[in-house]
Asks: 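Provided herewith is a single structure, encoded as structure tokens, for subsequent inquiry.
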2 protein chains.
Amino acid sequence: MNRPPARTLPLSPTFSPLYRQIKELILASLESGEWGPGDAIPSESDLAQRFGVSQGTVRKAIDEMAADNLLVRRQGKGTFVATHNDPHSFFRFLRLAANEGVLPTSRSVPLECTRARAGTDVARILGMAVGTPIVILRRVLYFADKPVVFDEVYLPAELFPDFSLDFLNANDESLYSLFESRYGVRMIRADERLRAVSADRVSAAALDVAEGSPLLLVERVAFTYGDKPVEWRRGFYSTANHHYHNELS
Amino acid sequence: MNRPPARTLPLSPTFSPLYRQIKELILASLESGEWGPGDAIPSESDLAQRFGVSQGTVRKAIDEMAADNLLVRRQGKGTFVATHNDPHSFFRFLRLAANEGVLPTSRSVPLECTRARAGTDVARILGMAVGTPIVILRRVLYFADKPVVFDEVYLPAELFPDFSLDFLNANDESLYSLFESRYGVRMIRADERLRAVSADRVSAAALDVAEGSPLLLVERVAFTYGDKPVEWRRGFYSTANHHYHNELS
DNA sequence: CAGTGGTCTAGACCACCTC
DNA sequence: AGGTGGTCTAGACCACTGA
């Protein structure tokens with residue numbers, strides 16, 4: 001008697017629960033830009049009505065997306081699309097901390113921005129053909145006027161067509177914040193590989209350390225919706241007074 | 001009419017939802033050893049009856065504890081206390097991967113196990129008084145017969161009274177698995193700080209690299225129930241053919 | 001088959017925010 | 001006061017496991 005009207009039957013093979021299908025629908029709306037970063041999405045009851053499911057099912061879908069850092073819930077106000085333009089999320093992709101005390105304010109200093117074509121490595125990592133146009137950005141992050149991180153960033157030129165140093169100098173927002181507001185490319189996940197290396201001439205000069213000093217090399221592949229890789233980054237961290245912080249659980 | 005019998009009222013200040021109180025109760029049972037690692041805990045309906053709440057409330061408590069890696073749900077079978085004695089959880093606290101291919105099987109070779117008294121650093125980190133007895137273990141992890149990680153492990157002697165190399169040689173289980181089965185100390189969380197350093201004489205010898213080579217230093221503080229620190233570890237990783245892997249989301 | 005966790009619903013009420 | 005998310009309940013049914 002309690003059975004609601006018939007719905008697409010799951011039935012064993014390739015079974016996907018309703019709330020996951022709802023999640024995919026909301027994800028599609030995010031990807032299509034129906035709701036942009038920072039926007040409020042419709043209330044749970046609105047979405048429940050739109051999708052023809054109960055509020056609890058929408059709730060479970062949103063719960064997972066909030067756990068994935070795609071949405072942010074704020075009690076009494078609504079549910080919002082996560083954004084990188086938010087001081088809190090600055091350290092989500094920068095696991096840097098000072099050995100003692102709190103990390104002082106940072107300053108990003110772009111060094112150069114060049115155009116090139118993907119070699120075999122970049123092409124493989126970003127899932128593109130060898131020779132595809134790319135943009136290369138080099139910059140240094142300063143903390144308390146000391147250089148700490150030297151970054152080399154590789155981007156597909158197609159997604160970031162008019163990228164240049166000008167935008168960086170004019171903006172003190174984070175790189176991912178710029179990507180999301182100017183190019184509509186939202187980074188949602190990243191894989192990092194960490195190694196210890198000896199500083200070569202370029203990174204030693206950028207970080208003001210002796211050539212051959214040990215540096216922490218952080219290689220990152222960042223992904224946007226649909227697990228599409230859209231950034232490759234090599235960051236050289238000077239770890240004399242700072243460290244990379246990670247919590248295991 | 002739908003109101004269940006009266007319950008301890010939350011009422012604004014220091015409000016904690018019911019499912020969180022249930023979580024604390026289950027946590028207490030874990031801590032007290034009522035259910036040991038690997039054991040099945042009572043079914044959701046049993047717990048609901050025991051605590052006088054609905055099954056959905058118990059469910060939400062268990063959901064959070066499963067997300068915290070304290071419990072493991074297995075559909076159709078039950079809910080189990082998480083254990084380190086499990087090949088799957090071996091890499092939960094060892095974020096090591098091979099640069100190419102899969103990581104071959106590992107072999108842990110203990111070098112020495114000594115007794116000492118806590119200096120200021122260890123005392124501060126482990127929350128004990130200076131001079132408290134500690135145990136120091138040094139060992140090397142080999143992959144495909146190549147040394148990759150040189151570990152120095154500092155433990156409070158009180159919790160690991162008869163710790164010695166013998167137990168290690170006789171056991172090919174992981175260190176945390178041994179801690180949990182032999183000493184009843186379960187590691188549930190850890191903080192790691194990563195830096196690049198130059199190999200000193202000791203670590204260079206242990207890892208068969210040249211003195212001064214860049215090594216990845218991973219300093220870890222591991223915590224048991226109640227966020228009590230019970231291990232400090234300095235791991236020197238040789239990252240020529242391996243790397244520390246981290247996923248950001 | 002019975003027992004477990006997993007999904008879905010419907011409805012009530014609470015906590016929080018804004019107007 | 002009215003909206004939002006957050007909690008809690010009760011009950012039905014589904015999917016998985018193992019005897």
Side-chain angles (χ1 to χ4, degrees), chain A residues 1-26 35 38-67 70-82, chain B residues 1-26 35 38-67 70-82:
Chain A
M1 234 29 84
N2 232 343
R3 268 303 54 211
R7 201 183 313 286
T8 45
L9 310 190
L11 273 180
S12 285
T14 66
F15 162 66
S16 173
L18 239 195
Y19 75 86
R20 242 174 238 290
Q21 302 175 33
I22 303 298
K23 186 179 172 181
E24 291 305 317
L25 291 174
I26 299 176
W35 313 305
D39 290 354
I41 72 172
S43 75
E44 295 179 353
S45 16
D46 281 358
L47 290 172
Q49 198 160 15
R50 175 199 300 205
F51 298 130
V53 300
S54 85
Q55 193 240 14
T57 300
V58 170
R59 181 165 192 77
K60 187 149 187 180
I62 293 179
D63 276 345
E64 281 205 356
M65 300 180 72
L70 294 172
L71 298 175
V72 176
R73 324 190 73 139
R74 271 179 252 171
Q75 181 171 156
K77 301 178 75 172
T79 302
F80 300 79
V81 181
Chain B
M1 239 23 87
N2 232 346
R3 271 293 68 207
R7 200 183 314 287
T8 45
L9 309 189
L11 272 178
S12 282
T14 66
F15 161 67
S16 172
L18 199 42
Y19 75 87
R20 245 176 233 289
Q21 302 174 33
I22 303 300
K23 185 178 172 181
E24 291 304 318
L25 291 174
I26 299 176
W35 314 304
D39 290 355
I41 72 171
S43 74
E44 295 180 352
S45 15
D46 282 358
L47 290 172
Q49 198 160 13
R50 174 199 299 207
F51 298 129
V53 301
S54 84
Q55 191 241 14
T57 300
V58 170
R59 181 164 192 78
K60 187 149 187 180
I62 293 179
D63 275 346
E64 281 204 357
M65 300 181 72
L70 294 172
L71 298 175
V72 177
R73 322 192 73 138
R74 272 178 251 172
Q75 181 170 165
K77 301 178 75 172
T79 301
F80 300 80
V81 181

Asks: Select one nucleotide: of dC8(D), dC8(C), dT9(D), the one nearest the side-chain heavy atoms of S54(B).
Replies: dT9(D)
Asks: Name the one of R59(B), R73(B), R20(B) that satisfies salt bridge (Lys or Arg N to Asp or Glu O under 4.0 Å) with E64(B)?
Replies: R20(B)
Asks: Report the nucleotide, chosen from dT9(D), dC8(D), dT9(C), that has the shortest atom-to-atom distance to any side-chain atom of V53(A).
Replies: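 Of dT9(D), dC8(D), dT9(C), dT9(C) is nearest to the side chain of V53(A).
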Asks: For DNA chain C, whose closest nucleotide is more 5', that of V58(A) or that of E44(B)?
Replies: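 Upstream on the strand: E44(B).
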Asks: Go through dA15(C), dT9(D), dT7(C) for me and flag the one nearest to the L18(B) side chain.
Replies: dT9(D)
Asks: Starting at CZ of R74(A) and ending at C1' of dC16(C), how long is that distance when rounded to a whole Å?
Replies: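 Going from R74(A) (CZ) to dC16(C) (C1'), I get 13 Å.
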Asks: Roughly how far, to the nearest 0.5 Å, is the CD atom of E24(A) from the CD1 atom of I26(A)?
Replies: 10.0 Å
Asks: What's the CD-P distance between Q21(A) and dT7(C), to the nearest Å?
Replies: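 The answer, rounded to whole Å, is 12 Å.
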Asks: Look at the side chain of T79(B) and decide which nucleotide, out of dG5(C), dG5(D), dC8(C), has an atom nearest to it.
Replies: dG5(C)
Asks: Over all heavy atoms of both residues, which pair between Q21(B) and S16(B) is shortest? Give the atoms and the distance, please.
Replies: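 Distance-wise, the nearest heavy atoms are NE2-O, 2.9 Å.
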Asks: If I take atom CG in residue L47(B) and atom C1' in nucleotide dG3(C), what distance separates them, rounded to the nearest angstrom?
Replies: 15 Å
Asks: Could you give the CZ-to-C1' distance, from F51(B) to dC8(D), as a whole number of Å?
Replies: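 Rounding to the nearest Å, CZ of F51(B) and C1' of dC8(D) are 16 Å apart.
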Asks: So S45(B), base contact, sugar-phosphate only, or nothing? Heavy-atom distance under 4.0 Å.
Replies: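 No contact.
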Asks: Could you state the atom-to-atom distance from NZ of K60(B) to C1' of dT7(C) in whole Å?
Replies: 15 Å
Asks: What heavy-atom pair brings W35(A) and L47(A) nearest, and what distance separates the two atoms?
Replies: CH2-CD2, 4.3 Å
Asks: Tell me the interatomic distance from D46(A), atom CG, to dT4(D), atom P, rounded to whole angstroms.
Replies: 6 Å
Asks: Find the distance R59(A):CZ to dT7(C):P and express it as a whole number of Å.
Replies: 16 Å
Asks: For dG3(C), does OP1 or OP2 lie under 4.0 Å from any side-chain N or O of K77(B)?
Replies: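 The answer is no; no side-chain N or O of K77(B) sits under 4.0 Å from OP1 or OP2.
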Asks: Between dG3(C) and S43(B), is there an OP1 or OP2 to side-chain N/O distance shorter than 4.0 Å?
Replies: no
Asks: Check every atom of dC8(C), dT7(D), dG5(C) against the side chain of Y19(A) and return the nucleotide holding the closest atom.
Replies: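 The closest nucleotide is dC8(C).
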Asks: Can you tell me which nucleotide in dA15(C), dT17(D), dG6(C) comes closest to the side chain of R73(B)?
Replies: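 Among dA15(C), dT17(D), dG6(C), the one nearest the side chain of R73(B) is dG6(C).
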Asks: Nearest whole Å is fine: how far is dA10(D) C1' from Q55(B) CD?
Replies: 10 Å
Asks: Does Q75(A) reach a base, just sugar-phosphate, or nothing at all? Heavy atoms under 4.0 Å.
Replies: base
Asks: Can you give me the closest heavy-atom contact between P42(A) and R50(A), atom names plus distance?
Replies: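 Looks like CG-NH2, 4.2 Å.
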